[in-house]
Each structure stands twice: as structure tokens, then as C-alpha cells.
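First comes the structure, then the notes that go with it.
Computed from a predicted structure; not experimentally measured. We count ligands from 1, going down the list as the structure has it; atoms in each ligand are counted the same way.
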Amino acid sequence: MRRQPYLVANWKMHKGMKEVESFVATFLQNIADMPSGKCDVAIAPQAIHLSLLQNALKNRVGVVAQNCGQSPSGAFTGEVSPVALKEAGVKAVILGHSERRWIFHEADTLITARVLAALEAGLEVILCVGERLVDRKEGKTFLVLEEQLRVLELVPGARLPKITVAYEPVWAIGTGETATPAQAQEAHAFIRQWIHDHFSEITAQSMRLLYGGSAKLENAASLLAEKDVDGLLIGGASLEPLAFAEMVRLGVRSQA
Ligand code: PGA
């Protein structure tokens with residue numbers, strides 16, 4: 001089954017307003033010659049810049065939130081409502097990112113609640129899963145992935161097409177140490193098989209699986225060439241408009 005490549009920039013807590021504006025100008029200019037409909041592209045800025053980005057990007061590129069609250073509304077100081085995100089034109093939300101899990105102590109129960117609230121609000125979800133170095137060294141990579149994927153067991157079947165899974169080994173995030181294409185493929189194949197076993201062949205074949213963790217221009221093509229790597233979730237390397245545009249070009253080419 002053909003799965004459209006999907007490249008998502010995760011800007012984390014980077015970029016001020018002026019930097020967002022100049023990024024967009026350069027980026028749009030550099031992707032202008034690329035055929036549309038060959039690679040889905042999205043950017044996840046800080047929450048305060050979602051609308052700014054939404055207005056500047058003119059629909060060519062989707063806007064993604066980096067997190068959302070676990071309820072449509074309520075007394076949750078500091079959280080952003082998934083309903084408000086949807087109203088603002090946001091396409092998807094990243095949930096379960098390792099920085100949320102390990103810095104902000106978000107557990108699978110909270111991540112599950114956020115996933116369900118996001119889907120209920122009509123947002124797509126990019127669910128991040130991934131093992132730490134210690135897990136990998138102890139041979140527990142698949143065990144950890146399995147634990148984190150269990151969030152999906154509570155998602156109503158009809159909403160599964162709204163989910164993208166991002167495999168992000170924690171040891172590769174922001175470290176400059178990328179998983180080899182073979183390591184990424186091995187984890188992606190495991191995730192696809194898990195989806196097959198828990199849902200169906202159709203769901204497993206249609207769900208997009210992204211790789212994240214020091215993905216950059218130099219390694220993007222070889223990662224995208226792997227059978228089960230359908231796209232990339234890119235942190236550091238996506239902050240630079242020319243580098244991100246060239247990665248999008250590789251995404252387009254991977255469809256050729
Ligand atoms: P990185 O971040 O590309 O800077 O490693 C990826 C991510 O955290 O999504």
C-alpha cells in the first residue's frame with residue numbers, strides 16, 4: 001500500500017515571532033517548485049505561534065501543536081484545549097513526546113487521556129514512542145514500545161486513521177546520534193506488526209510511521225528509503241528553512 005511521506009518539523013521551544021516570519025518566507029520560496037500532493041509537510045511551533053504560522057503558511061503546510069490538554073475545557077492552568085486548537089485551524093497534535101514523558105513526567109494514563117481528547121476534538125495525533133538507552137542496552141526496546149503503544153488500544157477503531165506513530169529513540173533525540181536506517185526499520189517493522197496484531201492488516205498497512213531522533217539532511221534519504229519509515233519528525237535540523245526544504249525535497253523524491 002502506498003503511504004504518502006510525511007515530514008513534520010518539531011520546533012520545540014525555539015524561535016521568536018520574527019524568526020517564524022523569516023523562516024516561512026524562505027521556506028515557502030524553496031518548496032515552491034516542488035509538486036504538491038507528493039509529500040505531506042507540517043510544522044509544530046510553540047503554542048503562541050500557531051495562529052501566526054497558520055496564517056503565514058497558506059495551507060501548503062499543516063500546523064501541528066506540540067501538546068494539548070486532556071479535556072475539551074476546564075480548570076487546567078497552563079494547558080491548551082484541543083477544541084481551541086481545532087478552532088485555530090491546527091491539523092494535528094504531537095503527544096507522548098519523550099520530553100513530555102521524561103521532563104514533565106507525563107505517564108501513559110495522561111497521554112491516553114490527551115490522545116482521546118484530541119481525537120474527540122477532531123485533531124489528528126502524532127503519538128511518540130521510543131526507548132531510552134538503558135532500555136536498549138538491557139534488550140527491552142520492544143517491551144517499552146509495546147507498553148507505550150497500548151495507548152492505542154483505547155482508541156475507537158474508526159479513529160485509528162487519524163493516528164500517526166513516531167518512533168523516537170530517546171538516545172537519539174537532540175544528541176546528534178541517529179539510529180541507523182536498519183535500527184529504525186527494525187523498530188518500525190515491530191510497531192507495524194503490533195498494529196497488525198491488535199487491529200488489522202489494513203490499519204497496519206495504512207498507518208504512517210515516522211522516525212525521529214537527530215534526523216537531518218545527511219541521513220534523511222537513507223532513513224526514508226526503509227520500507228516501514230514513512231516520514232520524519234525533525235527537531236534541530238528543521239529550524240533552518242533551507243535544510244528543512246531540502247528534506248522535503250527528499251520526501252517528494254522518495255515517492256518517485
Ligand atoms: P531532534 O529532535 O531531531 O533534534 O533529535 C526530534 C524530536 O524530538 O522530535
message: Quick check for you: to the nearest 0.5 Å, what is the distance between Thr141 atom OG1 and Leu143 atom CG?
response: 9.5 Å
- prompt: Does a side-chain N-to-carboxylate-O contact under 4.0 Å join Glu79 and Arg114?
  reply: yes
message: Does this structure show an ion pair linking Asp33 with Arg249, if we count only N-O contacts that are shorter than 4.0 Å?
response: yes
- prompt: Just by modelled atom types, is the Pro169 backbone N or O under 3.5 Å from a matching donor or acceptor in the Tyr167 side chain?
  reply: no
- prompt: Do side-chain atoms of Glu226 reach the backbone of Val229 as a donor and acceptor pair under 3.5 angstrom?
  reply: no
- prompt: In terms of side-chain heavy atoms, does Glu168 have a donor or acceptor partner in His97 at a distance below 3.5 Å?
  reply: yes
List below, pair by pair, the N or O atoms of ligand 1 and of the protein that are less than 3.5 Å apart, including the distance to 0.1 Å; reply 'none' if no pair qualifies.
| from | atom 1 | to | atom 2 | distance (Å) |
| --- | --- | --- | --- | --- |
| ligand 1 | 2 (O) | Lys12 | NZ | 3.2 |
| ligand 1 | 3 (O) | Ser214 | N | 3.4 |
| ligand 1 | 3 (O) | Gly235 | N | 2.8 |
| ligand 1 | 4 (O) | Gly236 | N | 2.8 |
| ligand 1 | 5 (O) | Gly174 | N | 2.6 |
| ligand 1 | 5 (O) | Ser214 | N | 2.7 |
| ligand 1 | 8 (O) | Lys12 | NZ | 2.7 |
| ligand 1 | 8 (O) | His97 | NE2 | 2.7 |
| ligand 1 | 9 (O) | Asn10 | ND2 | 3.3 |
| ligand 1 | 9 (O) | His97 | NE2 | 3.3 |
| ligand 1 | 9 (O) | Glu168 | OE1 | 3.3 |
| ligand 1 | 9 (O) | Glu168 | OE2 | 2.7 |

